[in-house]
Amino acid sequence: MRAEGPGAVPVVAAPMAGGPSTPELVAAVADVGGYGYLAAGYLTADTLAAQLAELRERTAEPFGVNLFLPPTTPRTDREQRRRDAAVDEYGRRLAPEAAAVGAELGDPHPATDPDAGAALDDKIAVLAADPPHAISVTFALPDADRFAALRATGAVLVATVTSVEEARAATGAGFDALCVQGSEAGGHRGTHDAAADPNDTDTVDLLTAIGHVTTLPMVAAGGIADAATARRALGAGAVAVQVGTALLRCPEAGTSATHRGALADPSFSGTLVTRAYTGRPARALTTRFAVEHGGAAPSAYPEVHHLTRPMRVAAAAAGDADRVHLWAGVHFRRAAASPAADVVRALL
């Protein structure tokens, strides 16, 4: 079975955590011969189980599930104190921004993080009980115990990589395929070292470089906006192309109205990579908030994510696009308010 999925069309719906990826969107892509991923990032095990059940009702086609993984290298007490102090300072800086939308900043260390510890293991247990065709991981490679648990599900295992070094590590760890994310991609960069500034290697060049060090199948992510960009990625060695931004305005997506509007708003003229919203590098529409606060944001994910989340939720509800994480790839202008099936067909 092909690592990108058994669909007839080499187009993959990217996992977009936080709302955009819905069972309806995944099913719509799968039903026209593509392949889709549910985004388990930020979900509890119960919510993931419910989404899996809904997706099974919507389609009989294969699909994947994406997990966010925590780093496997523990921090020293001194490193943690410095990190906490930096997050506290950033919180003081952002307090007026949260107040402007009637919100308070969140706890950087909530009692339960759904993407770490026992909560993450509970999600893996859900996948073991109801295995998808594939499981992809982002932000890190799993430790030995979690890799064994993932392998035991019987799913195809896919690692998100952003560099040759990460591709080598994933190949050595025993993954079945790679999702190769270039610099053009919207949303979080999948870099395994969250403290490092991500490289600016585009998807086609990254595919070429990684193709020299591994024989694993590669799915291209980043900068896929039309048939021409898809052909270039497939010509560089990808077995399929993964799209996210292109699907954000589809009616089946769970994208907020504020985010949808911003993608079509001519006042947003470009994108930038920023840590301002979550503490991890992510490509978003250029906003005043990102410009003013990006340089001050500490490299502290998920603490900054938890800190700013109440502000971002309140801003989205109020239609305040400036304080929302408007994830978008470089070709966001080409995202159309069209059914997902039409977007997939256009890529052919």
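- Rounded to the nearest 0.5 Å, atoms CG (L150) and CG (L127) are 8.0 Å apart.
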For residues 337-348, which side-chain N or O atoms pair as donor and acceptor with protein atoms under 3.5 Å away, sequence neighbours left out?
{"from": "D342", "atom 1": "OD1", "to": "R345", "atom 2": "NH1", "distance (Å)": "3.2"}

List the steps, then state whether side-chain hydrogen bond (donor to acceptor under 3.5 Å, both in side chains) holds for D226 with T229. CA-CA 6 Å; D226 52 25; T229 51; 2.9 Å; yes
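- If you run side-chain hydrogen bond (donor to acceptor under 3.5 Å, both in side chains) between T160 and each of T138, T191, N66, only T138 comes through.
- Cluster membership check: V126 shares its hydrophobic cluster with V65, using side-chain heavy-atom separations under 4.5 Å among Ile, Leu, Val, Met, Phe, Trp and Tyr.
- The minimum heavy-atom distance linking L141 with A159 is given by the pair CD2-CB, 3.9 Å.
- Under the rule for a side-chain contact (heavy atoms from CB on, under 4.5 Å), the partners of D122 that lie at least two apart in sequence or sit in another chain are A45.
- The CD atom of Q181 sits 9.5 Å away from the CD atom of E166 when rounded to the nearest 0.5 Å.
- A donor-acceptor distance shorter than 3.5 angstrom exists from the side chain of S21 to the backbone of M16, with no hydrogens or angles considered.
- In the model, T278 has a side-chain atom that pairs as donor or acceptor with a side-chain atom of H188 under 3.5 Å.
- Taking a cutoff of 4.0 Å between a charged side-chain nitrogen and a carboxylate oxygen, R189 and D200 do not qualify as a salt bridge.
- In this structure, the side-chain contact (heavy atoms from CB on, under 4.5 Å) partners of R283, at least two apart in sequence or on a different chain, are T271, V273, V330.
- Interatomic distance, CG of D176 versus OG of S136, reported as 12.0 Å (0.5 Å rounding).
- For residues 254-266, the set of pairs meeting the side chain to side chain donor-acceptor pair (under 3.5 Å) definition, not counting sequence neighbours, comprises D265-S267.
- Across P310 and L105, no two heavy atoms sit closer than the pair CG-C, 4.2 Å.
- Residues in residues 10-34 take part in no ring-ring contact (aromatic ring centres under 6.0 Å, His included) pair, two or more places apart or across chains.
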Set out, in order, the CA-CA distance, both residues' side-chain angles and the distance that settles side chain to side chain contact (heavy atoms under 4.5 Å, CB included) for S163 and N199, then state yes or no. CA-CA 8 Å; S163 69; N199 63 54; 3.9 Å; yes
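- Judged purely by distance below 3.5 Å, without hydrogens or angles, the side chains of R168 and T214 never pair a donor atom with an acceptor atom.
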So T22 and E252, side-chain hydrogen bond (donor to acceptor under 3.5 Å, both in side chains) or not? Walk me through it. CA-CA 7 Å; T22 63; E252 301 93 340; over 6 Å; no
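- The nearest pair of heavy atoms linking A196 to P281 is O-CG, 4.2 Å.
- In this structure, the separation between CH2 on W327 and OH on Y277 is 7.5 Å, given to the nearest 0.5 Å.
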Quick one, L52 with L38, criterion side chain to side chain contact (heavy atoms under 4.5 Å, CB included). Give me CA distance, side-chain angles, the key distance, then yes/no. CA-CA 8 Å; L52 283 169; L38 280 178; 3.9 Å; yes
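- In this structure the side chain of P23 never reaches within 4.5 angstrom of the side chain of V26, judged on heavy atoms.
- Here CD of E61 is found 10.5 Å from CG of L55. Values are rounded to the nearest 0.5 Å.
- Partners of F175 by ring-ring contact (aromatic ring centres under 6.0 Å, His included), not counting sequence neighbours, listed by chain and number: F147.
- Residues that satisfy the side-chain contact (heavy atoms from CB on, under 4.5 Å) test with A194, not counting sequence neighbours, are R280.
- In this structure, the side chain of Y35 engages the main chain of F63 through a donor-acceptor pair within 3.5 Å.
- A296 is linked by a side-chain contact (heavy atoms from CB on, under 4.5 Å) to Y90, R93, counting only residues two or more places apart in sequence or in another chain.
- Distance check: R312 CZ to L307 CG gives 9.5 Å after rounding to the nearest 0.5 Å.
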For residues 94-101, which side-chain N or O atoms pair as donor and acceptor with protein atoms under 3.5 Å away, sequence neighbours left out?
{"from": "E97", "atom 1": "OE1", "to": "R288", "atom 2": "NH2", "distance (Å)": "3.0"}
{"from": "E97", "atom 1": "OE1", "to": "R323", "atom 2": "NE", "distance (Å)": "2.7"}
{"from": "E97", "atom 1": "OE1", "to": "R323", "atom 2": "NH2", "distance (Å)": "3.1"}
{"from": "E97", "atom 1": "OE2", "to": "R288", "atom 2": "NH1", "distance (Å)": "2.9"}
{"from": "E97", "atom 1": "OE2", "to": "R288", "atom 2": "NH2", "distance (Å)": "3.3"}
{"from": "E97", "atom 1": "OE2", "to": "H293", "atom 2": "NE2", "distance (Å)": "2.7"}

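- Annotation: side-chain hydrogen bond (donor to acceptor under 3.5 Å, both in side chains) contacts of D121 (sequence neighbours excluded): R146.
- The two atoms that bring A230 and V241 nearest to each other are O-CG1, 3.9 Å, heavy atoms only.
- Inter-residue side-chain proximity for V219 and V158 is flagged as unmet; no heavy-atom pair is nearer than 4.5 Å.
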Using ring pair (Phe, Tyr, Trp, His ring centres under 6.0 Å), reason through F332 and F268 one step at a time and then give a plain yes or no. CA-CA 10 Å; F332 70 93; F268 290 99; 8.2 Å; no
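- Using modelled atom types, one side-chain atom of K123 and one backbone atom of P114 make a donor-acceptor pair closer than 3.5 Å.
- Ion pairing between a basic and an acidic side chain is recognised when a charged N comes within 4.0 Å of a carboxylate O; R83 and D88 show no such pairing.
- Remark: Y42 pairs with F68, H305 by the ring-ring contact (aromatic ring centres under 6.0 Å, His included) rule, at least two apart or across chains.
- Looking only at side-chain heavy atoms (C-beta outward), D197 and R275 come within less than 4.5 Å of each other.
- Exactly one residue among D84, T76, D77 makes a side-chain hydrogen bond (donor to acceptor under 3.5 Å, both in side chains) with Q80. That residue is D84.
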For R58 and D31, what are the C-alpha separation, side-chain angles and deciding distance, and is it a salt bridge (charged side-chain N to carboxylate O under 4.0 Å, His left out)? CA-CA 9 Å; R58 288 183 176 274; D31 285 346; over 6 Å; no
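- Through direct or relayed side-chain contacts under 4.5 Å between Ile, Leu, Val, Met, Phe, Trp and Tyr, L216 connects to V161, V164, L178, V180, L206, L207, I210, V213, M218.
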